[in-house]
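Notes follow once the structure below has been shown.
Index from 1, following the sequence.
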Amino acid sequence: MRKNFIVGLDIGTSAIKVVILENQGNKPVLRAVFKEPSAGLRKGAITDLTESSQAVGRVIQEVRRISKNALKNIYISIGTPLAKAQNSRGIVAISRADNEIYQDDVDRVVRASQALNLTPNRMIIHTFTREFIIDGVADIVDPLGLSGSRLEVSSLVVDAFAPHIKSLMRVVELVGGEIGAMIFTPVAAGRGVLTKTQKDLGVVLIDIGASTTGVSIYEENRLLNVAKFPVGAANISNDLAVGLKIPVTAAENLKLSYGYALSRDVGLKEMVELKKFHPEARGIISRRLVADIIEARLAEILEFVNNELKLLGKAGKLAGGAVFVGGGAKLPGLTELAKQELKLFSQIGLATDEGGWVSQSSSFSEFLEDPEFATAMGLVALGADQENWGSKDSSFDVVKKIKRFFGYFKP
């Protein structure tokens, strides 16, 4: 049975972003887009169940005002940096007399690729199939209906720290929400802003949040790797606070008002009076000094990204370039710095129109163009993919699509 609502709930360290999508005549329609302050999280993981429940509860109340049914299908983001991806292979024999491959064979080989030696406190959250191999013949996207005696799969398996996942599930359920799916944030953000052309050419998506940075790397329409680092835009504010001896709130405002990512592009004579941001602060500083501090931290983040690309042999070799999303992507000069550090064409990600969404309000356009909402937009887009909204085939098997597209989520 298809559901009429999908709620994308991106629970971040500093803010909770929400997107509500409704199925109207089998057409995805944006009903609401908003954000609320977050609480009880540190580096993308819940550290205080009471505070986080209160923050999520306020969001759930807003969703309930739009429709109680929307609470029954919530897609939430997994933001913990304690997640890792690893390559895996699975092999099964096809025992039928005609050697034809059926869905149960595909399910078996994918499960075989999940047979990893994980500790009890880890759990698999995604299994992405890169290619199937039949009797040694590789690069097969869909083996259903084909014939062979041996079926193999090359997969990217993502696992995470189980207590972080269970805490996230508990918070949503405590406030009356029902989870439809849980998606790793770099994957959701990629679905929100990357086009098929970019994924085919080769692209790295960089999601700079408040306290974490997520990365997903694609080529030939395949997910090559995903990663998450425990450093983000809030670290820049902390650096400014320490370096300039001002409160963190003042440093955050200074960053937003005068921050720039590439110090060489800032004039030496541009000055900033610190008293504008805190009454007890004294002195006038160079805006280039502010940019120097910002650039140093961003260069560190980009070095993490470049190291991931080097491991894949893709440093400076992705024709689709680098796409930035997240609140940290709004910092002026970021794309110029990225071109220098990553040796790739760089741009800010905007929500794609490949989902064919309809908006009930022109005010939503500002959110569609806001890189901070990339993950929430991606969550509902993935939900629409699973529910097959927009398809004329009303008999589509949703369960099979969930398993084949997302892998096998194990709560």
Checklist entry - With sequence neighbours left out, what residues match E336 under salt bridge (Lys or Arg N to Asp or Glu O under 4.0 Å)? => result none

Checklist outcome for this item: By side-chain hydrogen bond (donor to acceptor under 3.5 Å, both in side chains), E131 pairs with (sequence neighbours left out) none

Checklist entry - Do any pairs count as a salt bridge (charged side-chain N to carboxylate O under 4.0 Å, His left out) and have a residue in residues 173-184, sequence neighbours left out, and if so which ones? => result none

Checklist entry - Considering residues at least two apart in sequence or located in another chain, which fulfil the salt bridge (Lys or Arg N to Asp or Glu O under 4.0 Å) criterion with D370? => result K330

Checklist entry - Can you name the residues that form a salt bridge (Lys or Arg N to Asp or Glu O under 4.0 Å) with E252, not counting sequence neighbours? => result K255

Item to check | Those residues that, when tested against K343, pass side chain to side chain contact (heavy atoms under 4.5 Å, CB included) (two or more places apart) | outcome: none

Checklist entry - Who are the side-chain hydrogen bond (donor to acceptor under 3.5 Å, both in side chains) partners of S216, not counting sequence neighbours? => result none

Checklist entry - Got a sec, which residues hit side-chain hydrogen bond (donor to acceptor under 3.5 Å, both in side chains) with R264, two or more places apart in sequence or on another chain? => result Q340

Checklist outcome for this item: Residue set satisfying salt bridge (Lys or Arg N to Asp or Glu O under 4.0 Å) with K84, at least two apart, ordered chain then number -> D159

Ignoring hydrogens and angles, write down the donor-acceptor pairs under 3.5 Å from the side chains of residues 222-236, residues two or more places apart or on other chains.
residue : atom : partner : partner atom : Å
R222    : NE   : R130    : O            : 3.1
R222    : NH1  : D139    : OD1          : 3.4
R222    : NH2  : D139    : OD1          : 2.0
N225    : ND2  : E308    : OE1          : 3.0
K228    : NZ   : T185    : OG1          : 2.5
N235    : OD1  : G232    : N            : 2.8

Item to check | Contacts of type side chain to side chain contact (heavy atoms under 4.5 Å, CB included), residue S167, not counting sequence neighbours | outcome: I46

Next on the checklist: Tell me every residue that passes side-chain hydrogen bond (donor to acceptor under 3.5 Å, both in side chains) with S149, counting only those two or more places apart in sequence or in another chain.
Outcome noted: D135

